[in-house]
Each structure stands twice: as C-alpha cells, then as structure tokens.
Amino acid sequence: MLHNSETSPAHHDAPGADTAARLDETLLGGHRRYTLSQVLELTGLDKQFVTRYWRWIGLPVTHPTETWFTDADVEALKDAAALFDAEQMDERAQMTFVRSVGHTADRLALWQVEALVEHLARRYDLDETSARLLALDRLPEMTETLLGQLEHAWRRQLAALTGRMAIEFAGSRGDDRNDSHQLPLVRGSASRTSCRSPSARRGWARRSWRSSCSGSRPARATSSSTRAAAW
C-alpha cells in the first residue's frame, strides 16, 4: 500500500522482515488491521478524500486490498476531516496542511535516524551496516522521548511565530489590495526530499545534521514575510 518508507506485500518474506514487522507494530502503536474499504466504512469518508490524504502525506495507497491501516490511521483521518469541515477549507488548503505535516515528518525522521547511525558508528567504531542494525534496536525505546520533544518544539515555535505576527501586524488591518505585509505562500519544495532515492535522502540528512553540528545556519530573517520566503 504505502510505497515511500513502508514495506510492500512482496517484501514480507525478505530477510529482515521479522524485524521490520516488530518495528512497524511498535512505531505505529498497534497492528495494521484494516483495508481501504474498511477504513472508508469506519470513518464515513469518501475514497477520494482518504486516498488524497495519504498521497499528500507522502505515503500513497498502492495496495488498497491489503490490511495496512491501523486504529491510529482511522482516528487521524477522522480528526483531519473534522478540522477541514469546521474551518471550511477548500482542497488547496487541505493539501497544504497535510503536505506540511508529511514533508516535515519525512525529513525529521530521516535526519534523526541518520544522526543516530553516525553517533553509533563513532561511539562503537562500527561499519555503516552494523551501525544501522544497532540503530534499529535503539529506536523503539527512543520514540516516546523524540515524540515529546517534537510536540514541545512545535508548540514553542508556533508560540514564537504567532507572537511575532501579533506584534508585526497589530493595527495594520486595511484594504488587502494595498497590504504590503501579506505573507507569500511557500511552494515548490514540499515533496522534493520524499521523491529522492533512499541514498540521496540519506545524503541530505547527513549534510543537514553535520551543518547543525558545525553551527552554520541561515541568517535570521527580520520579518515574517522574509522568513516565509526564505524557508
């Protein structure tokens, strides 16, 4: 079903399949229990919405008759649909919200895994294969902490952004046609990393991680407009 970082049915008997299955259940928080048709029945959502959601998040449905969906998937779909309905979002807005989550999660997971692999290789003087296998053993016990850190960082970043916006745009209401403070939309890069080959994506993660370790980072933008344009 899910072609990006997911395993396809053809890989079930491949070497390492048992490890992949164990990690899958641990990381997803439960068994894959439902087919696409069962998800549609459980959520009451139409097929177009569900398949678009998964395509936008970067994990398109390619084997709809396989039992690949979890209880958490069902709840996520219902929550997203309820939000979009409450805010009366059109398809363009829905796509942007879902892609932002999928793209960020893809890059973050890749970055953190590569950082862990490099750490283990240095710490225990391992070759790359051994370091990756050890990382697979370590990751499950780290997930709750990493998840908590992600939520904490997102809340802090959102609070900082909305605080800056409240100050920057205070008293600037007026004719939108003459509003020089409108934020430009960010387009074009939302799915580039997820479309790269695995080796290219790992290379990106290594470069990003090393850049963060060296302390290099883009210059701080001075306004919301320039920050959005530079992202």
Side-chain angles (χ1 to χ4, degrees), residues 1-8 23-24 27-29 45 48-62 68-70 72-84 87 89-117 135 139 142-143 146-162 165 183-212 216-218 220-221 224-231:
M1 181 200 70
L2 307 177
H3 81 84
N4 188 354
S5 58
E6 304 272 341
T7 55
S8 68
L23 286 167
D24 188 80
L27 296 175
L28 295 183
L45 301 170
Q48 184 181 39
F49 175 85
V50 173
T51 55
R52 280 190 319 208
Y53 174 93
W54 284 100
R55 186 175 70 253
W56 291 339
I57 214 169
L59 301 168
V61 179
T62 58
W68 286 102
F69 295 97
T70 68
D73 294 331
V74 171
E75 293 305 311
L77 283 163
K78 291 194 292 188
D79 289 346
L83 173 65
F84 299 154
E87 297 298 328
M89 292 187 187
D90 59 16
E91 182 178 338
R92 180 175 174 180
Q94 293 177 26
M95 178 178 66
T96 301
F97 269 82
V98 177
R99 278 186 172 176
S100 69
V101 174
H103 176 61
T104 301
D106 173 56
R107 293 177 68 126
L108 179 62
L110 176 65
W111 195 345
Q112 290 180 334
V113 168
E114 292 304 312
L116 178 60
V117 168
L139 278 167
M142 297 171 60
T143 53
L146 293 176
L147 181 61
Q149 289 294 307
L150 173 59
E151 180 179 356
H152 172 74
W154 179 81
R155 289 181 180 277
R156 293 292 303 193
Q157 292 285 4
L158 186 61
L161 173 62
T162 53
M165 287 176 62
L183 295 177
L185 293 178
V186 180
R187 300 189 183 95
S189 63
S191 59
R192 288 177 186 168
T193 300
S194 59
C195 291
R196 297 172 183 167
S197 67
S199 59
R201 293 170 70 239
R202 288 195 296 269
W204 168 86
R206 289 187 183 118
R207 290 192 299 272
S208 299
W209 181 79
R210 287 166 181 164
S211 176
S212 70
S216 60
R217 56 182 301 174
R220 182 180 296 274
S224 298
S225 299
T226 52
R227 278 190 298 274
W231 186 81

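The analysis underlying the following values was restricted to heavy atoms, covering all of them including side chains, and did not include hydrogens, waters or symmetry mates.
Here Trp54 contributes atom CH2 and Trp68 contributes atom CH2; the two are 12.0 Å apart, rounded to the nearest 0.5 Å. The distance from the CG atom of Asp73 to the CG atom of Leu28 is 7.0 Å, given to the nearest 0.5 Å. For the atom pair CZ of Phe84 and CD of Glu87, the computed distance is 10.5 Å after rounding to the nearest 0.5 Å. How far CE of Met95 is from CE of Met89: 13.0 Å, rounded to the nearest 0.5 Å. Taking CD from Gln157 and NE2 from His152, the interatomic distance works out to 10.0 Å, rounded to the nearest 0.5 Å. Atom CG of Leu150 is separated from atom OG1 of Thr143 by 12.0 Å, given to the nearest 0.5 angstrom.
Considering all non-hydrogen atoms of both residues, Leu45 and Leu77 come closest at CD1-O, 3.8 Å. In this structure, Ala135 and Val117 approach most closely via the heavy-atom pair CB-CG2, 3.9 Å. Shown here for Val98 and Ile57, the closest heavy-atom pair between the two residues is CG1-N, 3.8 Å.
The local environment of CZ in Phe49 is crowded, with over 12 non-hydrogen atoms from other residues, nucleotides or ligands closer than 6.0 Å.
Two residues are said to be in side-chain contact when any heavy atoms from C-beta on lie closer than 4.5 Å; Phe69 and Val61 meet this criterion.
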**OP:** Verify side chain to side chain contact (heavy atoms under 4.5 Å, CB included) between Met142 and Gln112, making sure each step is shown before the conclusion.
**Re:** CA-CA 11 Å; Met142 297 171 60; Gln112 290 180 334; over 6 Å; no

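Under the 3.5 Å distance criterion, the side-chain polar atoms of Thr162 are matched with a main-chain donor or acceptor of Ala159.
Every residue two or more places apart in sequence or in another chain that forms a side-chain hydrogen bond (donor to acceptor under 3.5 Å, both in side chains) with Arg155 is listed here: Glu151.
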